[in-house]
2 protein chains.
Amino acid sequence: MFNRFTCFFAFFLFSLFSFGIQKNQKLNFIIVFVDDMGYGDLGVFGNPTISTPSLDKMAYEGQKWTQFYSASSVCTPSRAALLTGRLPVRSGMTGVLFPNSLNGLPSSEFTIAEKLKENKYKTAIVGKWHLGHKKKYLPLNHGFDYYYGIPYSNDMDKINNNNYWSEYERNELDSKSYNVPLIENFDIIERPVDQTTITDRYTKKTIELINEYKDDRFFIFLSHNLPHIPLYASKDFLGKSKRGLYGDVIEEIDHGVGLITEKLKKLNLDKNTIVVFTSDNGPWLVYKNHSGSAGLLRNGKGTTWEGGMRVPAIFWGSNIKPGVIDDIGSTLDIYSTFLSISGIEQEKNMLVDGLDLSKTLFESKESPRKDMFFYKGDELYAARLGNFKLHLKTSDWFKEPKTHDPPLLFNLNNDPSEKFNIAKDNPEKIHEILNLIEHHNSELITGKDRLKDRL
Amino acid sequence: MFNRFTCFFAFFLFSLFSFGIQKNQKLNFIIVFVDDMGYGDLGVFGNPTISTPSLDKMAYEGQKWTQFYSASSVCTPSRAALLTGRLPVRSGMTGVLFPNSLNGLPSSEFTIAEKLKENKYKTAIVGKWHLGHKKKYLPLNHGFDYYYGIPYSNDMDKINNNNYWSEYERNELDSKSYNVPLIENFDIIERPVDQTTITDRYTKKTIELINEYKDDRFFIFLSHNLPHIPLYASKDFLGKSKRGLYGDVIEEIDHGVGLITEKLKKLNLDKNTIVVFTSDNGPWLVYKNHSGSAGLLRNGKGTTWEGGMRVPAIFWGSNIKPGVIDDIGSTLDIYSTFLSISGIEQEKNMLVDGLDLSKTLFESKESPRKDMFFYKGDELYAARLGNFKLHLKTSDWFKEPKTHDPPLLFNLNNDPSEKFNIAKDNPEKIHEILNLIEHHNSELITGKDRLKDRL
């Protein structure tokens, strides 16, 4: 009797404890987002000559997700989706903003920062924003307490019209060729920004903020501008990687991630902080060896092939159960997962595409995500359901799209490189995915286009 | 004074100790060799849907080599090179042996097993031999105390003439379609062998041998017949992998490797046993999703592109310093490395191509290997020196070879996928590698062809 009671009591305590870890713990969150890094660019994702010991270690101590998708194959929409948990087509953020763009992420959208800030989190973004650089669209008007970074891509505001390669052939890392501003909160504090030290400065700023916020709950979005071209590395990393300048850049980012996790450990915050590392889209292959690699995946940035949207993803810290997760996940799910972990309800009247991955993170349960929609701009090119991906249309970067009728079908679990079209033998699977698409389209309310208004 | 003496004494002890670990320790050696597994087929080498927790763990606890080469892109020569440390062209073992072949590895060659056996090691091979199946060429006549396995490829001795796919379309894993024998020492003990359980039986036999040899020094060569086609998995693994049958096979091999390392730990032998895991060549791509993936590398088996000869390699156990090694290494070096670690001298009158990697294994020193020769049969197609690989000729599997004049040049550190030919801008590098080739050719003494004599 005593034993049975002890057992019951132990179980009760255990339940309380394990429930407590997962829910309402108000964990801290850090997202490290990199720009244009491919699926095959980390050691632990198979790169032979880019040395990423910090991220490899995080993947081993935490969870490495091998079928994780960004919600777009280009910058702006990918970021809109990450922060709102909504497909870019819903917010109207379906393409890339330029320095002469007048719009940004609509104020009607709710970002992770906004929801967490309402719940007493300190919120900061360090790095690339790219969701509107007019004052009303800047991070402080989207739920962030603090902003330090370049508001769009680091190749924008080009001063001369040399092409990229002719500049690099001069072998000068002249940061001044790009008149991009560095902004703190609402103010430009440096222009052109010295890009050679930008990765290092972003890391240091993040560590400062961790220190500043350590007694509060916090959310920090470290959104590196690199390895988007033009590539720059600080002098401690320049010329050090076997993989050349692209490798130098990744190794500097990796080093910074290592400093951040060390800092968290030192402050004893690793037990209640989740760090997510992922990329906004695949490698920009037209830049040859200044672009990354999609590893075994097909094609890269700007396409709806796997190489364009499947990205490396690592979840680390807190009580995440170590392992490799080969179920489907998406940057879309980060919003819902963070809110769920913090016990915060999603907005009732806002359709969210994200799903709560917390049971996968903490208990290695099957991921709730079974499908994924692959948009190019505001047009649906492909959809995945379970193992199968159906391509209605495909296109290479800046090439004419091809319509596929009948569509192409690939079993991505068996054929991650999208080599073997199995449409002919699987009409029922095509039918099933076409039904999914029809259902998706029938319920879709698209947002007003936010891109066409320019100076 | 006392302090200085203490320091000196401590240093002396430390030196003795660390030298002792590396030299003359007579460590045990296990090589796990797999057949036709590609560079991209393990989790830790970037595969998304093949789950390999045991090998991932070994790579993390030990050394993962990312630029490691087999010495040939097909079975027989790759194995001859591994066991002798010599390029296949020296032994005349430049192509594949078939059931009607009359020859095998010449008795004039010295194998790792032979050298270790002379030095009181117990030696065994479990699995595929493929260096001659006539009695005089079998493992017991090449330095092994014990043999249990299939003497050549598991697709040989085909009973019917159905093509591979039509058999698989029947969805029957009928092991009896291939009349391959299972040999113990010199005797056929099962024919046709039940291939569905062969991976499991090889693992179990290896564990039995570890147990039997545990009080001696031993060398066990576990040479899996799979994932060479036809693919088979035992019922515990069949249908379990997300990657399909190919994944089932790799996951069963991974599971077996886990049982072996656990057994070593249990017997407290992990501290003085080195386990090497690698593959004989790249994936046999013509078999579509029944072949593996070369990951980000170009092409596969039967070619001198990187995908044909660069293979995953993991070194684990003893005092191996954990980390990722992105220097060059080769299966050719295993012979020299094992002999060096055991304090055994190489044969004086035998030219060995292998280099001693022990300082890289134990101290993370730079690998001594700076070059690699890529043969197809008895013809040199390409050579690597430092970062650069020069292709004089290339060919796809069973396609007409192409001669390249001028040759193709790739910087493999920067461009592992061999996408960007930089020959035009690097005439001096081409010249340097052509000199290396000329020197190599001028000193080369080729062995008598061992392949052409057949029934």
When heavy-atom pairs shorter than 4.5 Å are enumerated against chain B, which of A/Gly247, A/Pro48, A/Gly46 gives the highest number? A/Pro48
Portion of B/Tyr39 that has a non-hydrogen atom of chain A nearer than 4.5 angstrom: side chain
Out of curiosity, B/Asn387 CG to A/Thr49 OG1, how far, rounded to the nearest 0.5 Å? 9.0 Å
Which members of residues 409-417 of chain B, sorted by number, sit under 4.5 angstrom from chain A on a heavy-atom basis? B/Asn413, B/Asn414, B/Pro416
Contacting region of B/Lys242 [heavy-atom separation from chain A under 4.5 Å]: both
Using the side-chain contact (heavy atoms from CB on, under 4.5 Å) criterion, which residues pair with B/Ser54? Sequence neighbours excluded. B/Asp254
Calculate, to the nearest 0.5 Å, the distance between atoms CG and CD1 belonging to A/Asn289 and B/Ile422 respectively. 8.5 Å
Quick note, salt bridge (charged side-chain N to carboxylate O under 4.0 Å, His left out) partners involving residues 40-53 of chain B, not counting sequence neighbours, are none
If one checks every heavy atom of B/Lys64 against chain A at 4.5 Å, the contacting part turns out to be side chain
Can you see which heavy atom on A/Tyr60 is nearest to which on B/Lys57, and at what distance? OH-CG, 3.1 Å
Under 4.5 Å from a heavy atom of chain A, the part of B/Asp425 involved: neither
Spell out the residues in residues 307-316 of chain A that have some non-hydrogen atom less than 4.5 Å away from a non-hydrogen atom of chain B, in order of number; otherwise answer 'none'. A/Arg310
Test side-chain contact (heavy atoms from CB on, under 4.5 Å) on B/Leu285 and A/Lys419; report intermediate values, then the result. CA-CA 11 Å; B/Leu285 299 174; A/Lys419 284 200 230 173; 4.2 Å; yes
All heavy atoms of B/Thr66 vs all of A/Asn47, minimum pair found to be CG2-O, 4.4 Å
Under the side-chain contact (heavy atoms from CB on, under 4.5 Å) rule, what do B/Leu296 and A/Leu296 come out as? Steps first, then yes or no, please. CA-CA 5 Å; B/Leu296 82 175; A/Leu296 82 175; over 6 Å; no
